[in-house]
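Atoms within each ligand, like the ligands themselves, are counted from 1 in listed order.
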Amino acid sequence: MDTHKQLTIGLFGFGVVGEGLYRILLQTPSLKATIKKVCIKHPGKNRNAPEELFTTDRDILLNDPEINVIVEVINETEPAFEIVSTALKNGKNVVSASKKMLAENLPELLGLQKQTGHSLLYEAAACASIPVIRNLEEYYDNDLLHSIRAIVNGSTNFILTKMFEEKLDFKQALLLAQQLGFAESDPALDVEGFDAVNKWTLLLTHAYGIVTDPQSIVFNGIQNIQSGDATVAAEKHYDIKLVAQAKKLLSGKVAALVLPQFVKADDHLSFVKNEYNGVVIESGFADKQFFYGKGAGSFPTASAVLSDLSALRYGYQYEYKKLYHHAPLELADDFYIKAYISFDDWQYIPKEKFEWIEEWHAESERKYLIGVLPFKELRNNSWWRENKTSLILAPDAIIEDVEIRKIRKKSLELAGIV
Ligand code: HSE
(Lines give C-alpha, C1' and ligand atoms only; values in the text may rest on other atoms or scores of the structure.)
Protein backbone atom coordinates (compact mmCIF):
# COMPACT_ATOMS: atom_id res chain seq x y z
CA MET A 1 0.00 0.00 0.00
CA ASP A 2 1.27 3.45 -0.90
CA THR A 3 1.34 5.33 2.37
CA HIS A 4 2.87 8.37 0.71
CA LYS A 5 0.11 8.89 -1.75
CA GLN A 6 -0.26 12.54 -2.70
CA LEU A 7 -3.85 13.71 -2.32
CA THR A 8 -5.00 16.22 -4.90
CA ILE A 9 -8.31 17.57 -3.72
CA GLY A 10 -11.29 19.04 -5.51
CA LEU A 11 -13.26 20.89 -2.85
CA PHE A 12 -16.98 21.58 -3.19
CA GLY A 13 -18.10 24.38 -0.86
CA PHE A 14 -16.20 27.17 0.84
CA GLY A 15 -18.50 27.90 3.77
CA VAL A 16 -17.85 27.26 7.46
CA VAL A 17 -16.39 23.77 6.89
CA GLY A 18 -14.78 24.29 3.46
CA GLU A 19 -12.87 27.36 4.51
CA GLY A 20 -11.94 25.68 7.79
CA LEU A 21 -10.43 22.78 5.84
CA TYR A 22 -8.55 25.17 3.53
CA ARG A 23 -6.98 26.91 6.56
CA ILE A 24 -6.18 23.64 8.36
CA LEU A 25 -4.48 22.18 5.26
CA LEU A 26 -2.27 25.25 4.98
CA GLN A 27 -1.08 24.43 8.52
CA THR A 28 -0.54 20.69 7.92
CA PRO A 29 1.89 20.33 4.99
CA SER A 30 2.99 16.92 6.30
CA LEU A 31 -0.31 15.45 5.10
CA LYS A 32 0.71 15.89 1.45
CA ALA A 33 -2.77 17.03 0.53
CA THR A 34 -3.38 20.06 -1.63
CA ILE A 35 -6.56 21.66 -2.83
CA LYS A 36 -6.36 22.05 -6.61
CA LYS A 37 -9.73 23.70 -7.21
CA VAL A 38 -12.73 24.83 -5.19
CA CYS A 39 -16.20 24.78 -6.71
CA ILE A 40 -18.52 27.44 -5.30
CA LYS A 41 -22.03 28.61 -6.07
CA HIS A 42 -21.71 32.38 -5.74
CA PRO A 43 -18.59 33.73 -7.48
CA GLY A 44 -19.06 37.35 -6.37
CA LYS A 45 -18.27 36.81 -2.65
CA ASN A 46 -15.12 38.15 -1.09
CA ARG A 47 -13.05 35.12 -0.08
CA ASN A 48 -9.81 34.99 1.78
CA ALA A 49 -8.02 32.73 -0.75
CA PRO A 50 -6.45 33.16 -4.23
CA GLU A 51 -9.09 33.89 -6.84
CA GLU A 52 -7.73 31.36 -9.35
CA LEU A 53 -8.59 28.57 -6.93
CA PHE A 54 -12.32 29.05 -7.49
CA THR A 55 -14.70 27.94 -10.21
CA THR A 56 -18.45 27.55 -10.55
CA ASP A 57 -18.11 24.65 -13.00
CA ARG A 58 -18.37 21.37 -11.12
CA ASP A 59 -17.17 19.32 -14.12
CA ILE A 60 -13.76 20.98 -13.96
CA LEU A 61 -13.25 19.15 -10.65
CA LEU A 62 -15.17 15.97 -11.41
CA ASN A 63 -13.44 15.38 -14.74
CA ASP A 64 -9.90 16.36 -13.75
CA PRO A 65 -7.85 13.12 -13.80
CA GLU A 66 -5.27 14.64 -11.45
CA ILE A 67 -7.87 15.21 -8.71
CA ASN A 68 -8.04 11.93 -6.79
CA VAL A 69 -10.21 13.08 -3.88
CA ILE A 70 -13.43 15.06 -3.87
CA VAL A 71 -14.32 16.76 -0.60
CA GLU A 72 -18.00 17.70 -0.62
CA VAL A 73 -19.11 20.14 2.08
CA ILE A 74 -22.00 22.03 0.48
CA ASN A 75 -25.40 22.77 1.94
CA GLU A 76 -27.81 21.48 -0.63
CA THR A 77 -28.83 17.86 -0.56
CA GLU A 78 -29.58 17.03 -4.20
CA PRO A 79 -26.48 18.65 -5.73
CA ALA A 80 -24.40 17.05 -2.95
CA PHE A 81 -25.71 13.60 -3.90
CA GLU A 82 -25.01 14.22 -7.58
CA ILE A 83 -21.47 15.39 -6.85
CA VAL A 84 -20.70 12.47 -4.56
CA SER A 85 -22.15 9.82 -6.84
CA THR A 86 -20.51 11.25 -9.97
CA ALA A 87 -17.17 11.47 -8.18
CA LEU A 88 -17.34 7.81 -7.12
CA LYS A 89 -18.32 6.76 -10.65
CA ASN A 90 -15.45 8.87 -12.04
CA GLY A 91 -12.94 6.88 -10.00
CA LYS A 92 -12.38 9.30 -7.14
CA ASN A 93 -12.46 8.77 -3.42
CA VAL A 94 -14.86 11.06 -1.60
CA VAL A 95 -15.08 12.75 1.78
CA SER A 96 -18.45 14.30 2.64
CA ALA A 97 -19.93 16.16 5.59
CA SER A 98 -23.49 16.31 4.23
CA LYS A 99 -25.33 14.34 6.87
CA LYS A 100 -28.80 14.95 5.40
CA MET A 101 -27.72 13.84 1.93
CA LEU A 102 -25.89 10.80 3.31
CA ALA A 103 -28.74 9.72 5.60
CA GLU A 104 -31.39 10.11 2.91
CA ASN A 105 -29.38 8.31 0.22
CA LEU A 106 -27.51 5.69 2.19
CA PRO A 107 -28.81 2.60 0.32
CA GLU A 108 -27.76 4.09 -3.04
CA LEU A 109 -24.41 5.21 -1.65
CA LEU A 110 -23.75 1.76 -0.20
CA GLY A 111 -24.44 0.33 -3.66
CA LEU A 112 -22.13 2.82 -5.35
CA GLN A 113 -19.29 2.07 -2.97
CA LYS A 114 -19.66 -1.65 -3.70
CA GLN A 115 -19.97 -1.11 -7.43
CA THR A 116 -17.03 1.30 -7.82
CA GLY A 117 -14.76 0.01 -5.06
CA HIS A 118 -13.98 3.60 -4.13
CA SER A 119 -14.07 5.00 -0.67
CA LEU A 120 -16.71 7.35 0.74
CA LEU A 121 -15.81 8.63 4.21
CA TYR A 122 -17.96 10.98 6.32
CA GLU A 123 -16.63 11.23 9.85
CA ALA A 124 -17.54 14.95 9.92
CA ALA A 125 -21.20 14.10 9.32
CA ALA A 126 -21.81 12.94 12.90
CA CYS A 127 -20.50 14.59 16.07
CA ALA A 128 -17.95 16.63 14.05
CA SER A 129 -14.63 16.36 15.90
CA ILE A 130 -15.44 13.08 17.72
CA PRO A 131 -14.22 10.06 15.72
CA VAL A 132 -17.37 8.13 16.46
CA ILE A 133 -18.11 6.57 13.07
CA ARG A 134 -14.73 4.95 12.73
CA ASN A 135 -14.88 3.80 16.34
CA LEU A 136 -18.26 2.15 15.91
CA GLU A 137 -17.10 0.65 12.64
CA GLU A 138 -13.88 -0.82 13.99
CA TYR A 139 -14.85 -1.74 17.56
CA TYR A 140 -17.92 -3.15 19.29
CA ASP A 141 -19.09 -6.33 17.65
CA ASN A 142 -22.83 -6.46 17.30
CA ASP A 143 -23.17 -8.95 20.12
CA LEU A 144 -21.32 -6.75 22.54
CA LEU A 145 -22.82 -3.35 21.83
CA HIS A 146 -25.57 -2.96 24.43
CA SER A 147 -26.48 0.68 23.90
CA ILE A 148 -25.40 4.10 22.66
CA ARG A 149 -26.75 7.40 23.96
CA ALA A 150 -25.53 10.61 22.47
CA ILE A 151 -25.86 14.33 22.05
CA VAL A 152 -25.30 14.68 18.31
CA ASN A 153 -26.47 18.22 17.58
CA GLY A 154 -24.29 21.08 18.74
CA SER A 155 -26.74 23.91 18.06
CA THR A 156 -29.60 22.56 20.16
CA ASN A 157 -27.22 21.70 22.97
CA PHE A 158 -25.79 25.21 22.74
CA ILE A 159 -29.31 26.73 22.83
CA LEU A 160 -30.39 24.60 25.82
CA THR A 161 -27.21 25.53 27.71
CA LYS A 162 -27.61 29.24 27.00
CA MET A 163 -31.34 29.22 27.86
CA PHE A 164 -31.26 27.23 31.05
CA GLU A 165 -27.85 28.12 32.48
CA GLU A 166 -27.32 31.63 31.19
CA LYS A 167 -30.98 32.66 30.95
CA LEU A 168 -30.86 33.87 27.34
CA ASP A 169 -34.14 33.58 25.51
CA PHE A 170 -34.53 31.10 22.66
CA LYS A 171 -34.14 33.67 19.87
CA GLN A 172 -30.96 35.18 21.31
CA ALA A 173 -29.44 31.74 21.83
CA LEU A 174 -30.29 30.63 18.29
CA LEU A 175 -28.87 33.85 16.82
CA LEU A 176 -25.64 33.27 18.68
CA ALA A 177 -25.48 29.66 17.41
CA GLN A 178 -25.95 30.99 13.87
CA GLN A 179 -23.30 33.70 14.27
CA LEU A 180 -20.80 31.14 15.57
CA GLY A 181 -21.40 28.93 12.52
CA PHE A 182 -22.96 26.02 14.43
CA ALA A 183 -26.48 26.12 13.00
CA GLU A 184 -27.65 24.78 9.64
CA SER A 185 -28.55 27.42 7.05
CA ASP A 186 -32.15 26.42 7.79
CA PRO A 187 -31.97 26.29 11.61
CA ALA A 188 -35.29 24.41 11.78
CA LEU A 189 -33.21 21.38 10.80
CA ASP A 190 -31.37 21.70 14.12
CA VAL A 191 -34.20 22.92 16.34
CA GLU A 192 -36.80 20.40 15.18
CA GLY A 193 -34.48 17.40 15.42
CA PHE A 194 -33.96 16.64 11.70
CA ASP A 195 -30.20 17.08 11.86
CA ALA A 196 -29.94 14.83 14.92
CA VAL A 197 -32.03 12.05 13.36
CA ASN A 198 -30.00 12.23 10.14
CA LYS A 199 -26.81 11.73 12.14
CA TRP A 200 -28.44 8.96 14.15
CA THR A 201 -29.39 7.15 10.94
CA LEU A 202 -25.71 7.07 9.96
CA LEU A 203 -24.56 5.95 13.39
CA LEU A 204 -27.15 3.15 13.51
CA THR A 205 -25.62 1.73 10.33
CA HIS A 206 -22.10 1.69 11.74
CA ALA A 207 -23.21 0.54 15.20
CA TYR A 208 -25.74 -2.15 14.37
CA GLY A 209 -25.88 -2.56 10.59
CA ILE A 210 -29.32 -0.96 10.51
CA VAL A 211 -30.04 0.87 7.26
CA THR A 212 -33.19 2.91 7.68
CA ASP A 213 -34.90 5.98 6.37
CA PRO A 214 -34.45 8.84 8.93
CA GLN A 215 -38.20 9.48 8.82
CA SER A 216 -38.91 6.03 10.19
CA ILE A 217 -37.14 6.82 13.47
CA VAL A 218 -39.30 8.51 16.13
CA PHE A 219 -37.77 11.92 16.76
CA ASN A 220 -38.43 15.44 17.86
CA GLY A 221 -36.34 18.52 18.57
CA ILE A 222 -36.42 21.12 21.30
CA GLN A 223 -39.08 23.38 19.78
CA ASN A 224 -41.84 22.33 22.20
CA ILE A 225 -39.84 22.67 25.41
CA GLN A 226 -41.37 25.29 27.71
CA SER A 227 -39.82 27.25 30.55
CA GLY A 228 -42.08 25.30 32.96
CA ASP A 229 -40.38 22.09 31.80
CA ALA A 230 -37.04 23.54 32.81
CA THR A 231 -38.48 24.40 36.24
CA VAL A 232 -39.66 20.81 36.75
CA ALA A 233 -36.27 19.53 35.57
CA ALA A 234 -34.48 21.81 38.05
CA GLU A 235 -36.73 20.65 40.92
CA LYS A 236 -35.74 17.08 40.12
CA HIS A 237 -32.04 17.98 39.65
CA TYR A 238 -32.13 17.03 35.99
CA ASP A 239 -30.85 18.74 32.84
CA ILE A 240 -32.83 18.67 29.61
CA LYS A 241 -30.83 17.42 26.61
CA LEU A 242 -31.73 16.34 23.10
CA VAL A 243 -30.64 12.71 23.28
CA ALA A 244 -30.28 10.21 20.46
CA GLN A 245 -30.34 6.68 21.79
CA ALA A 246 -30.30 3.08 20.70
CA LYS A 247 -30.57 0.07 22.95
CA LYS A 248 -30.42 -3.60 22.14
CA LEU A 249 -33.45 -5.31 23.66
CA LEU A 250 -33.78 -8.87 24.92
CA SER A 251 -35.54 -9.72 21.64
CA GLY A 252 -32.27 -8.89 19.82
CA LYS A 253 -33.90 -5.91 18.10
CA VAL A 254 -32.84 -2.31 18.66
CA ALA A 255 -34.95 0.43 20.23
CA ALA A 256 -33.96 3.76 18.66
CA LEU A 257 -35.25 7.27 19.39
CA VAL A 258 -34.16 10.91 19.16
CA LEU A 259 -36.08 12.95 21.73
CA PRO A 260 -35.49 15.48 24.50
CA GLN A 261 -34.69 13.71 27.75
CA PHE A 262 -34.27 14.48 31.45
CA VAL A 263 -30.66 13.71 32.23
CA LYS A 264 -29.46 13.02 35.77
CA ALA A 265 -26.60 15.06 37.20
CA ASP A 266 -24.32 12.01 37.29
CA ASP A 267 -25.04 11.07 33.66
CA HIS A 268 -22.02 11.71 31.41
CA LEU A 269 -24.29 13.56 29.00
CA SER A 270 -25.11 16.20 31.63
CA PHE A 271 -21.45 17.21 31.42
CA VAL A 272 -21.89 18.07 27.71
CA LYS A 273 -22.52 21.82 27.35
CA ASN A 274 -22.74 24.36 24.55
CA GLU A 275 -21.75 23.10 21.09
CA TYR A 276 -20.02 20.02 22.48
CA ASN A 277 -21.33 16.57 21.66
CA GLY A 278 -20.97 13.41 23.72
CA VAL A 279 -21.45 9.71 23.12
CA VAL A 280 -21.89 7.11 25.87
CA ILE A 281 -21.37 3.54 24.71
CA GLU A 282 -22.21 0.53 26.84
CA SER A 283 -20.69 -2.70 25.73
CA GLY A 284 -19.98 -6.16 27.04
CA PHE A 285 -16.82 -6.36 29.20
CA ALA A 286 -15.76 -2.70 28.58
CA ASP A 287 -18.83 -1.38 30.45
CA LYS A 288 -19.29 2.36 29.82
CA GLN A 289 -17.16 4.57 27.60
CA PHE A 290 -17.64 8.26 27.03
CA PHE A 291 -16.53 10.20 23.92
CA TYR A 292 -16.59 13.95 24.16
CA GLY A 293 -15.70 16.81 21.80
CA LYS A 294 -16.90 19.73 19.77
CA GLY A 295 -19.85 18.77 17.59
CA ALA A 296 -20.10 21.86 15.41
CA GLY A 297 -18.03 24.76 14.15
CA SER A 298 -15.47 25.37 11.45
CA PHE A 299 -12.23 23.81 12.70
CA PRO A 300 -13.76 20.95 14.74
CA THR A 301 -15.75 19.82 11.67
CA ALA A 302 -12.85 20.37 9.30
CA SER A 303 -10.62 18.34 11.65
CA ALA A 304 -12.84 15.32 11.00
CA VAL A 305 -12.55 15.87 7.24
CA LEU A 306 -8.81 16.06 7.72
CA SER A 307 -8.74 12.74 9.56
CA ASP A 308 -10.68 11.15 6.67
CA LEU A 309 -8.17 12.57 4.19
CA SER A 310 -5.39 11.16 6.27
CA ALA A 311 -7.13 7.77 6.33
CA LEU A 312 -7.45 7.84 2.53
CA ARG A 313 -3.67 7.97 2.28
CA TYR A 314 -3.54 4.40 3.51
CA GLY A 315 -6.56 3.29 1.48
CA TYR A 316 -9.09 3.20 4.30
CA GLN A 317 -12.69 2.28 3.45
CA TYR A 318 -15.67 1.63 5.68
CA GLU A 319 -16.29 -2.08 5.55
CA TYR A 320 -19.79 -1.71 7.03
CA LYS A 321 -18.91 -4.73 9.13
CA LYS A 322 -22.14 -4.87 11.08
CA LEU A 323 -24.12 -4.82 7.85
CA TYR A 324 -22.10 -7.16 5.65
CA HIS A 325 -20.13 -9.38 8.04
CA HIS A 326 -22.49 -9.74 11.00
CA ALA A 327 -26.21 -10.38 11.04
CA PRO A 328 -27.55 -6.81 10.75
CA LEU A 329 -30.07 -5.91 13.44
CA GLU A 330 -33.60 -4.58 13.05
CA LEU A 331 -35.43 -1.73 14.72
CA ALA A 332 -37.81 -2.75 17.52
CA ASP A 333 -41.28 -1.43 18.17
CA ASP A 334 -42.47 -3.68 21.01
CA PHE A 335 -41.12 -1.69 23.93
CA TYR A 336 -42.38 1.03 26.26
CA ILE A 337 -41.13 4.47 27.16
CA LYS A 338 -41.41 6.48 30.34
CA ALA A 339 -41.95 10.18 29.69
CA TYR A 340 -42.77 13.51 31.26
CA ILE A 341 -45.49 15.27 29.27
CA SER A 342 -46.60 18.86 29.84
CA PHE A 343 -49.67 20.40 28.24
CA ASP A 344 -52.28 23.15 28.46
CA ASP A 345 -55.41 21.03 28.45
CA TRP A 346 -56.26 17.43 29.36
CA GLN A 347 -58.32 17.13 26.18
CA TYR A 348 -55.06 16.81 24.22
CA ILE A 349 -53.87 13.81 26.25
CA PRO A 350 -55.23 10.31 25.50
CA LYS A 351 -55.07 9.10 29.12
CA GLU A 352 -56.34 5.64 28.21
CA LYS A 353 -53.20 4.99 26.13
CA PHE A 354 -50.91 5.06 29.17
CA GLU A 355 -49.86 1.81 30.75
CA TRP A 356 -49.71 3.71 34.01
CA ILE A 357 -49.30 7.29 35.23
CA GLU A 358 -46.87 7.85 38.10
CA GLU A 359 -47.28 11.55 38.74
CA TRP A 360 -49.78 14.10 37.68
CA HIS A 361 -50.00 17.77 38.38
CA ALA A 362 -53.14 19.51 37.26
CA GLU A 363 -53.18 22.43 39.67
CA SER A 364 -51.49 25.13 37.60
CA GLU A 365 -52.20 26.46 34.14
CA ARG A 366 -49.46 24.34 32.62
CA LYS A 367 -50.15 20.74 33.61
CA TYR A 368 -47.88 17.73 33.49
CA LEU A 369 -47.73 14.02 34.08
CA ILE A 370 -45.12 11.32 34.14
CA GLY A 371 -46.26 8.03 32.69
CA VAL A 372 -45.48 4.96 30.63
CA LEU A 373 -46.62 4.59 27.04
CA PRO A 374 -46.20 1.90 24.39
CA PHE A 375 -43.56 3.11 21.92
CA LYS A 376 -46.03 2.40 19.11
CA GLU A 377 -48.22 5.19 20.48
CA LEU A 378 -45.45 7.68 19.66
CA ARG A 379 -44.65 6.07 16.35
CA ASN A 380 -48.22 5.99 15.09
CA ASN A 381 -49.56 9.29 16.45
CA SER A 382 -48.52 12.90 16.79
CA TRP A 383 -50.64 14.25 19.69
CA TRP A 384 -47.49 14.25 21.85
CA ARG A 385 -45.93 17.03 19.80
CA GLU A 386 -49.03 19.03 18.85
CA ASN A 387 -51.08 21.73 20.64
CA LYS A 388 -48.06 22.93 22.60
CA THR A 389 -47.67 19.52 24.19
CA SER A 390 -44.10 18.84 25.27
CA LEU A 391 -42.74 15.31 25.71
CA ILE A 392 -39.44 14.75 27.48
CA LEU A 393 -38.23 11.24 28.15
CA ALA A 394 -37.55 10.27 31.75
CA PRO A 395 -34.04 9.04 32.60
CA ASP A 396 -33.83 5.28 31.84
CA ALA A 397 -36.78 5.77 29.52
CA ILE A 398 -36.72 2.52 27.58
CA ILE A 399 -38.65 -0.31 29.24
CA GLU A 400 -38.68 -3.86 27.88
CA ASP A 401 -42.00 -5.46 27.06
CA VAL A 402 -41.22 -8.34 29.41
CA GLU A 403 -40.74 -5.89 32.31
CA ILE A 404 -44.17 -4.40 31.68
CA ARG A 405 -45.71 -7.86 31.61
CA LYS A 406 -44.09 -8.73 34.94
CA ILE A 407 -45.37 -5.50 36.50
CA ARG A 408 -48.89 -6.11 35.16
CA LYS A 409 -48.87 -9.63 36.60
CA LYS A 410 -47.65 -8.41 39.97
CA SER A 411 -50.33 -5.75 40.23
CA LEU A 412 -53.03 -8.28 39.36
CA GLU A 413 -51.63 -10.56 42.08
CA LEU A 414 -51.60 -7.73 44.59
CA ALA A 415 -55.17 -6.90 43.71
CA GLY A 416 -56.05 -10.54 44.34
CA ILE A 417 -57.28 -10.98 40.78
CA VAL A 418 -54.95 -13.89 39.90
N1 HSE B 1 -25.83 22.20 12.73
C2 HSE B 1 -25.02 21.13 13.16
C3 HSE B 1 -25.02 21.06 14.67
C4 HSE B 1 -23.62 21.32 12.65
O5 HSE B 1 -25.41 22.06 15.28
O6 HSE B 1 -24.67 20.04 15.25
C7 HSE B 1 -22.72 20.15 12.85
O8 HSE B 1 -23.19 19.01 12.20
>> Can you confirm whether or not the ring centre of Phe182 sits under 6.0 Å from the ring centre of Phe158?
In response: yes
> For Lys288, what residues pass the side-chain hydrogen bond (donor to acceptor under 3.5 Å, both in side chains) criterion, not counting sequence neighbours?
Replying inline: none
>> Looking only at the aromatic ring of each residue, does the gap between the centers of His206 and Tyr122 stay below 6.0 angstrom?
In response: yes
Show the short N or O contacts, below 3.5 Å, that ligand 1 makes with protein N or O atoms; if there are none, say 'none'.
from	atom 1	to	atom 2	distance (Å)
ligand 1	1 (N)	Phe182	O	2.7
ligand 1	1 (N)	Glu184	OE2	2.6
ligand 1	1 (N)	Asp190	OD1	2.8
ligand 1	5 (O)	Gly154	N	3.4
ligand 1	5 (O)	Ser155	N	2.8
ligand 1	5 (O)	Ser155	OG	2.6
ligand 1	5 (O)	Phe182	O	3.1
ligand 1	6 (O)	Asn153	ND2	3.4
ligand 1	6 (O)	Gly154	N	2.7
ligand 1	6 (O)	Lys199	NZ	3.0
ligand 1	8 (O)	Lys99	NZ	2.6
ligand 1	8 (O)	Lys199	NZ	2.8

> Within 45° of the six-membered ring axis of Phe54 and under 6.0 Å from that ring's centre, is NZ or CZ of Arg47 located there?
Replying inline: yes
> Where does the angle between the aromatic ring planes of Phe194 and Phe219 fall among parallel (under 30°), tilted (30 to 60°) and perpendicular (over 60°)?
Replying inline: perpendicular
> Relative to each other, are the rings of Phe375 and Phe335 parallel, tilted or perpendicular (30° and 60° limits)?
Replying inline: parallel
